[in-house]
Amino acid sequence: VSEATRDDRVVLRRAPSSRDALALMAAEVREGLSARPLPFLPSKYFYDDRGSALFDEITRLPEYYPTRTEEGILEAVADQVARVTRPREVVELGSGTGRKIRRLLAATARATVRCVLFDVNETFLTDSCRRLARDFPGLEVNGIVGDFTHDLDCLGPGGGRLVVFFAGTIGNLHPDEAVPAFLVRLARQLAPGDAFLVGVDLVKDEARLHAAYNDAAGVTARFNLNILRVVNDRLGADFDLTAFEHVAFYDRARAWIEMRVRARRATRVRIPRADVDLALGEGDEIRTEISAKYTRGTLEARLPGSGLRLEQWLTDADELFALALLRRIA
Ligand code: AVJ
């Protein structure tokens, strides 16, 4: 990693994929929109400044239980997690506004000398790093602009490391294909004894799941459609946002929420720099997100071969959400 920018006690670096971000995005969008029968867009492209702000708004919706549930669990277990991990370095993947890591850093206190935030959104990352550095004097704060499915090796070798991955964002990875590969790559950045604390949304009552992704105020719908605006802004695409509507449903067999945008009428999108010319008929859909839901059993089933084992399963009284504490084995 090069291109370090130093500002007070904050060092910001850009991972390789974020240096050629537009070329990578063009390739990924082209690949996704060429997929049949169901074209897709990678979910990480939700999070431009507007999309990140919309997600922040989602986290405060009455129907969207994951954020406040996870915060409640973290509040209850932070001291215990700090005691059993004693990390010299805490890394947060997909840090967003970086709110939750504060609770953990307050608990790990003097044991932790460095904190690394990893996020695709440079604006949010920079702000979070500055605020952390201000509020935790003596802590070295590093930011990495990057994609945690490509760029984990930016972290360098492990040792005394705790990686945290909140919000249930691991749910965006395909449970059978992407999750095992992600875990193997992550485990490579951990030394034996290092820990990984990951938030997973749990399989539950379908009405509750449905409501969380179809909120009455329509914020999730705006968040979903915003991904088309991001592709327009960055790649010069000509998606007509008025031609699409929000769709989110729970696929019980695969245990995931799927979000799509559906054409309300025939429409076409051209993206010359990505070599895309896509005609959609009324009712045609583009998948924008999967958000997989787990049980303790289905998560543990992804671990063999990863070098990680489940040490603690920390959940709320209603079992809506869980924090899994995983440990790198020797
Ligand atoms: C940030 C990926 C955890 O899957 O629930 C919220 C994103 N999508 N509403 C999730 C999201 C629709 C969220 N994650």
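Keep in mind that the numbers below use all heavy atoms, side chains included, and drop hydrogens, waters and symmetry copies. Count residues from 1 along the sequence. Every value quoted in this text rests on a predicted model; they were computed, and no experiment measured them. Counting convention: from 1, in listed order, for ligands and their atoms alike.
Considering backbone and side-chain atoms together, Tyr64 places an N or O closer than 3.5 Å to an N or O of ligand 1. Between Tyr213 and ligand 1, at least one pair of N/O atoms sits closer than 3.5 Å.
Taking CZ of Arg327 as the start and CD of Gln312 as the end, the distance is 8.5 Å to the nearest 0.5 Å.
For ligand 1, the atoms sitting less than 4.0 Å from at least one non-hydrogen atom of Ser291 are 4 (O), 5 (O), 10 (C), numbered in the order shown with element in parentheses. Atoms of ligand 1 lying under 4.0 Å from any heavy atom of Asn172, numbered from 1 in the order shown and given with element: 2 (C), 4 (O). Within the listing of ligand 1, atoms 3 (C) sit less than 4.0 angstrom from a heavy atom of Ala167.
A donor-acceptor contact shorter than 3.5 Å links the side chain of Asp284 to the backbone of Gly281.
Ring-centre distance between Phe223 and Tyr213: not below the 6.0 Å cut-off. Aromatic rings of Phe165 and Phe182 (six-membered ring for Trp) have centroids within the 6.0 Å cut-off, being under it.
Both tests pass for Arg208 against the ring of Tyr65: distance under 6.0 Å to the centre and angle within 45° of the axis.
The residues Asp56 and Arg60 are annotated as salt-bridged, a charged nitrogen and a carboxylate oxygen being separated by less than 4.0 angstrom.
From the protein, the heavy atom lying nearest to atom 7 (C) of ligand 1 is Glu289 OE2, 3.3 Å. Of the protein's non-hydrogen atoms, Thr169 OG1, 4.0 Å is the one closest to atom 14 (N) of ligand 1.
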